[in-house]
Amino acid sequence: MQFPDHPVPIVVLTGAGISKESGLDTFRDEDGIWSKVRIEDVATPEAFRRDPERVMEFYNHRRAGLLDPAVHPNEAHKALARLQESWPEEVMVVTQNIDNLHERGGAKDVVHMHGELLKVRCEACGNISEWLEDLTIDTPCFVCGSVGTKRPHVVWFGEMPLHMDKIEWALTHCGLFVSIGTSGNVYPAAGFVSMARLRGKAYTIELNLEPSEGSSLFHECRHGQATDLVPAFVDELLMRNAA
Ligand code: APR
Ligand code: ZN
């Protein structure tokens, strides 16, 4: 399959690699998050039931890291916003990341399938609200008043990712699927390329520092830093379609 003349609608999937050059750790690189702490201790419902303080502390630390003034969107985040601006309503950004760097880089309607680090959810009333400070297990819900029901609005291992219907529809109706900065280790995101290619008609391309677990499933792979690959790819796309 050749690169499509008319690639829209486009679905972009991003992972931790797109935020690495903004100073946020990835998960499975050498110095990644899972080399310092175990998933079973901080990122499962069982961990939260067993030791809620430990889980809260893990996300409080990451929330404070994201709010560090030194952390800001990079050229890859901004390039995707530029693509959305050039083709309004035709570019869906789906991210596995819980940071807000896509939004701060100008992207619109970002689909956070693993939730958002700067939001908390009440398990009693379902309220989801922005939260920028430390969260403790005793933080009361200001909507329903319950205590002990607040948790980070983040999808843990063993929980259902968010917005899957919307994502699956988009994957099976897009002309181009671009995967950026993800190792292809975690489903369902790791299966998106097959859904776009086999159930849809999409041309599929991977932009990543190195071949991911699923790189053989893509029509095309380009390897390097996201801040080099993504702006160049967006320029190429826009040039192709300007002619
Ligand atoms: N530019 C491009 N790609 C990069 C860069 C960079 N500067 N730095 C790292 N990468 C690539 C790595 O080569 C790796 O393939 O980004 C990928 C990051 O992979 P992971 O650390 O596994 O992160 P991700 O794929 O987003 O993990 C998926 O797993 O732990 C869960 O919920 C968590 O959302 C996360 C999910
Ligand atoms: Zn509540």
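Counting convention: from 1, in listed order, for ligands and their atoms alike.
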Using a 4.5 Å cut-off on heavy atoms from C-beta on, say whether the side chain of [Y] contacts that of [X].
| X | Y | result |
| --- | --- | --- |
| F3 | L237 | yes |
| N100 | L66 | yes |
| W131 | E133 | yes |
| S179 | N208 | no |

Just jot down the ligand 1 atoms closer than 4.0 angstrom to any heavy atom of [X], in number order.
| X | result |
| --- | --- |
| K20 | 8 (N) |
| A226 | 1 (N), 2 (C), 6 (C) |
| E21 | 1 (N), 6 (C), 7 (N) |
| W34 | 30 (O) |
| G15 | 26 (O) |

What is the closest protein heavy atom to [atom], and at what distance does it sit?
| atom | answer |
| --- | --- |
| atom 35 (C) of ligand 1 | F27 CE1, 3.6 Å |
| atom 20 (P) of ligand 1 | S183 OG, 3.7 Å |
| atom 11 (C) of ligand 1 | N208 OD1, 3.4 Å |
| atom 5 (C) of ligand 1 | G17 O, 3.6 Å |
| atom 9 (C) of ligand 1 | D29 OD2, 3.2 Å |
| atom 26 (O) of ligand 1 | A16 N, 2.8 Å |
| atom 28 (C) of ligand 1 | Q96 OE1, 3.3 Å |

Between [X] and [Y], is there a side-chain N and carboxylate O pair less than 4.0 Å apart?
| X | Y | value |
| --- | --- | --- |
| K78 | E75 | yes |
| K108 | E89 | no |
| R50 | E46 | no |

Checking [Y] against [X]: is there a side-chain donor and acceptor pair closer than 3.5 Å?
| X | Y | result |
| --- | --- | --- |
| E206 | S212 | yes |
| D138 | T136 | no |
| S19 | S22 | no |
| Q96 | T182 | yes |
| Y203 | E220 | yes |
| H112 | E103 | yes |

Handout entry: Sidechain-backbone polar pair: N74 side chain, H77 backbone, donor-acceptor under 3.5 Å
Key =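 The answer is yes, because a donor-acceptor pair under 3.5 Å joins these two groups.
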Problem - Donor-acceptor pair, side chain of D51 and main chain of A47, under 3.5 angstrom - result: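 No; judged by distance alone, with no hydrogens or angles, the pair does not exist.
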Could you tell me whether some N/O pair between [X] and ligand 1 is separated by less than 3.5 angstrom?
| X | answer |
| --- | --- |
| L209 | yes |
| N97 | no |
| F157 | no |

Counting heavy atoms only, name the option from [options] that's nearest to [atom].
| atom | options | value |
| --- | --- | --- |
| atom 13 (O) of ligand 1 | H114, H112, E210, R28 | E210 |
| atom 17 (C) of ligand 1 | G181, S19, A76, S179 | G181 |
| atom 25 (O) of ligand 1 | T182, V230, L13 | T182 |

Practice task
For ligand 1, note which part of V186 has a heavy atom under 4.0 Å away: side chain, backbone, both or neither.
Solution key: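 Only the side chain of V186 comes within reach of ligand 1.
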Handout entry: Which segment of Q225 sits under 4.0 Å of ligand 1 when only heavy atoms are counted
Key =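 Looking at Q225 and ligand 1, atoms from backbone and side chain both fall under 4.0 Å.
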Completion exercise
Ignoring waters, protein N/O/S atoms under 2.8 Å from the Zn ion (ligand 2) are C122 SG, C125 SG, C141 SG, C144 SG
Problem - G224 near ligand 1 by a heavy-atom separation under 4.0 Å - result: yes
Practice task
Cation-pi check, R151 to W156: give yes when NZ or CZ is under 6.0 Å from the six-membered ring centre and within 45° of the ring axis, no otherwise.
Solution key: yes
